[in-house]
A.B. asks: 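Please find one structure pasted underneath; my questions will follow.
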Amino acid sequence: PYDVLIVGGGPAGASAAIYAARKGIRTGVVAERFGGQVQDTMGIENFISVKETQGPKLAAELEAHVDSYGVDVMNLQRAKSLVRGDDMIEIKLESGAALRAKSVVISTGARWREMNVPGEKEYRNKGVAYCPHCDGPLFKGKRVAVIGGGNSGVEAAIDLAGLVEHVTLIEFDSQLRADAVLQRKLHSLPNVGVIVSAQSTEVTGDGSKVNGLTYKDRISNEVKHIELEGIFVQIGLVPNTEWLKGTLELSNRGEIVIDAKGQTSIPGVFAAGDVTTVPYKQIVIAMGEGSKAALSAFDYLIRLPVP
Ligand code: FAD
């Protein structure tokens, strides 16, 4: 069995693997796709100490760093359940195999909910963005839309209004759902427009980048088009915890509830990164959280009774 088995191979999992392996303990990583969301990212400009890099490059560097410690990496394997036994934790895989470990770090990440309209995939990273902290500065002086009037959408619109020329917030419902204090702040900004009862139907572009958004006015059924250079989709970040429902404590958003050390509600099971309740989903944060969870797992292991 493994001393530490890490489920998920994004920045959090890679960092956990390196910290665990450096303790000289038997470490494994099982990942559906090593690199995680980083594989889907183009320019990264906020990975501190690296001025600019690309996602696939960073993912390859993460993998090489993990490999250099002789960690057992099982890529292209999806976990389907976690079972806590008396002295071992078992991770069952979709393939039918099962892995046993004394401690586990869950770092299965999250995924942005998509609009699922024509043009969205085609123009991803070419004007369609999901993370204002990551990509906001790329749209300096440009016109953008934010899709979604919940807290994250309104926060994004307020944030972007300070960077870009103009922000149009688009909400499907007849009213915004964000907290009143955020809505007041939003309405106080001179370069923000709000459109409610609007269903986004298409991302338009010139073949290489976004040039507009088409939406349907849900009251008049009229189809309208706005010219802009960027679209921030803020309709939810979904944690990859479907396989853990009923196993350990999840928040109402489905995130794994952890304490300051990364401990979950099950002894010996830790979690890190976008899959957890930790706020702000970013690469540097996921890496810090992954190393913390691995150190906590080590702390747990040295306290296990001597057999
Ligand atoms: P993830 O990166 O999501 O990795 C999860 C891992 O778990 C993957 O290996 C996945 O395959 C695996 N997995 C999932 N389910 C299972 C399962 N059941 N069994 C086994 N394995 C599983 N952040 C920045 O700091 N700067 C940026 O510029 C930036 N740009 C971004 C651009 C885009 C388009 C996106 C989508 C995100 C961006 N982010 C950026 C956010 C950043 O990528 C995430 O915060 C970070 O990757 C989270 O790391 P993680 O390890 O927690 O999860």
Side-chain angles (χ1 to χ4, degrees), residues 1-39 58-110 239-244 247-248 256 258 261-276 283 286-305 307:
Y2 293 100
D3 291 311
V4 182
L5 178 63
I6 295 146
V7 186
S15 177
I18 291 165
Y19 268 71
R22 286 172 60 82
K23 295 293 183 192
I25 56 181
R26 189 148 184 246
T27 305
V29 178
V30 56
E32 191 178 356
R33 186 174 62 136
F34 199 94
Q37 292 170 69
V38 171
Q39 295 278 19
L58 178 59
E61 287 163 350
L62 285 177
E63 192 157 12
H65 198 175
V66 169
D67 283 344
S68 74
Y69 283 97
V71 171
D72 226 350
V73 178
M74 294 153 276
N75 200 2
L76 310 179
Q77 295 287 337
R78 197 178 153 87
K80 71 167 184 199
S81 66
L82 179 151
V83 182
R84 181 76 171 101
D86 285 340
D87 54 352
M88 285 289 161
I89 301 155
E90 196 173 69
I91 299 287
K92 293 199 168 95
L93 306 181
E94 298 274 4
S95 68
L99 302 166
R100 280 152 46 87
K102 292 182 193 158
S103 70
V104 166
V105 173
I106 301 170
S107 51
T108 47
N240 297 318
T241 52
E242 289 83 356
W243 63 289
L244 293 165
T247 307
L248 41 67
I256 300 174
I258 56 167
K261 293 184 79 182
Q263 169 73 57
T264 71
S265 60
I266 300 180
V269 180
F270 302 83
D274 282 16
V275 76
T276 71
I283 296 166
M287 285 186 177
E289 290 290 313
S291 56
K292 200 205 283 180
L295 294 176
S296 297
F298 183 70
D299 224 34
Y300 166 84
L301 290 170
I302 59 175
R303 284 174 172 75
L304 285 177

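For the single chain, residues carry numbers from 1 onward in sequence order. Keep in mind the model is a prediction, meaning the values are calculated, not measured.
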A.B. asks: Ignoring hydrogens and angles, write down the donor-acceptor pairs under 3.5 Å from the side chains of residues 2-15, residues two or more places apart or on other chains.
C.D. replies:
{"from": "Tyr2", "atom 1": "OH", "to": "Asp72", "atom 2": "OD2", "distance (Å)": "2.6"}
{"from": "Asp3", "atom 1": "OD1", "to": "Lys102", "atom 2": "NZ", "distance (Å)": "3.3"}
{"from": "Asp3", "atom 1": "OD2", "to": "Arg26", "atom 2": "N", "distance (Å)": "2.8"}
{"from": "Ser15", "atom 1": "OG", "to": "Met287", "atom 2": "O", "distance (Å)": "2.7"}
{"from": "Ser15", "atom 1": "OG", "to": "Ser291", "atom 2": "N", "distance (Å)": "3.4"}

A.B. asks: Less than 3.5 Å apart, which donor and acceptor atoms pair up between the side chains of residues 29-37 and the rest of the protein, not counting sequence neighbours?
C.D. replies:
{"from": "Glu32", "atom 1": "OE1", "to": "Arg78", "atom 2": "NH1", "distance (Å)": "2.9"}
{"from": "Glu32", "atom 1": "OE2", "to": "Arg78", "atom 2": "NH1", "distance (Å)": "3.3"}
{"from": "Arg33", "atom 1": "NH1", "to": "Asp40", "atom 2": "OD1", "distance (Å)": "3.2"}
{"from": "Arg33", "atom 1": "NH2", "to": "Gly36", "atom 2": "O", "distance (Å)": "3.3"}
{"from": "Arg33", "atom 1": "NH2", "to": "Asp40", "atom 2": "OD1", "distance (Å)": "3.4"}
{"from": "Arg33", "atom 1": "NH2", "to": "Asp40", "atom 2": "OD2", "distance (Å)": "3.0"}
{"from": "Gln37", "atom 1": "NE2", "to": "Ala110", "atom 2": "O", "distance (Å)": "3.2"}
{"from": "Gln37", "atom 1": "NE2", "to": "Asp274", "atom 2": "OD2", "distance (Å)": "2.9"}

A.B. asks: Any pair with a residue in residues 5-21 that passes salt bridge (Lys or Arg N to Asp or Glu O under 4.0 Å), sequence neighbours left out, goes on the list, sorted by first then second residue, please.
C.D. replies: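 As it turns out, there is no salt bridge (Lys or Arg N to Asp or Glu O under 4.0 Å) pair with a partner in residues 5-21 once direct neighbours are skipped.
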A.B. asks: Ala16 and Ala294: which non-hydrogen atoms are nearest, and at how many Å?
C.D. replies: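 Scanning both residues, the minimum pair turns out to be O-CB, 3.3 Å.
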A.B. asks: Nearest 0.5 Å, what's the CG-CD1 distance between Asn240 and Ile256?
C.D. replies: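 These two atoms lie 9.5 Å from each other.
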A.B. asks: So how far is it from Ile25 CD1 to Ser103 OG, rounded to the nearest 0.5 Å?
C.D. replies: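 So the gap between those two atoms works out to 6.5 Å.
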A.B. asks: Can you name the residues that form a salt bridge (Lys or Arg N to Asp or Glu O under 4.0 Å) with Lys80, not counting sequence neighbours?
C.D. replies: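 If we apply the salt bridge (Lys or Arg N to Asp or Glu O under 4.0 Å) test to Lys80, skipping adjacent residues, there are no hits.
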A.B. asks: About how many Å separate CZ of Phe270 and CD1 of Ile258, when rounded to the nearest 0.5 Å?
C.D. replies: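 Taking CD1 in Ile258 and CZ in Phe270, the distance rounds to 11.0 Å.
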A.B. asks: Indicate yes or no for a side-chain donor-acceptor contact from Thr276 to the backbone of Ala272 under 3.5 Å, with no hydrogens or angles considered.
C.D. replies: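 No; judged by distance alone, with no hydrogens or angles, the pair does not exist.
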A.B. asks: Can you tell me which residue pairs pass the salt bridge (Lys or Arg N to Asp or Glu O under 4.0 Å) test with a partner in residues 83-92, sequence neighbours excluded?
C.D. replies: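 Listed once each, the pairs are Glu90-Lys92.
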A.B. asks: Among pairs that include at least one residue of residues 4-25, which meet salt bridge (Lys or Arg N to Asp or Glu O under 4.0 Å), considering only residues two or more places apart or in two chains?
C.D. replies: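 Non-adjacent pairs meeting salt bridge (Lys or Arg N to Asp or Glu O under 4.0 Å): zero.
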A.B. asks: I'd like to know if the side chain of Thr264 reaches the main chain of Val269, judged simply by a donor and an acceptor atom lying under 3.5 Å from each other, with no hydrogens or angles considered.
C.D. replies: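 The answer is yes, because a donor-acceptor pair under 3.5 Å joins these two groups.
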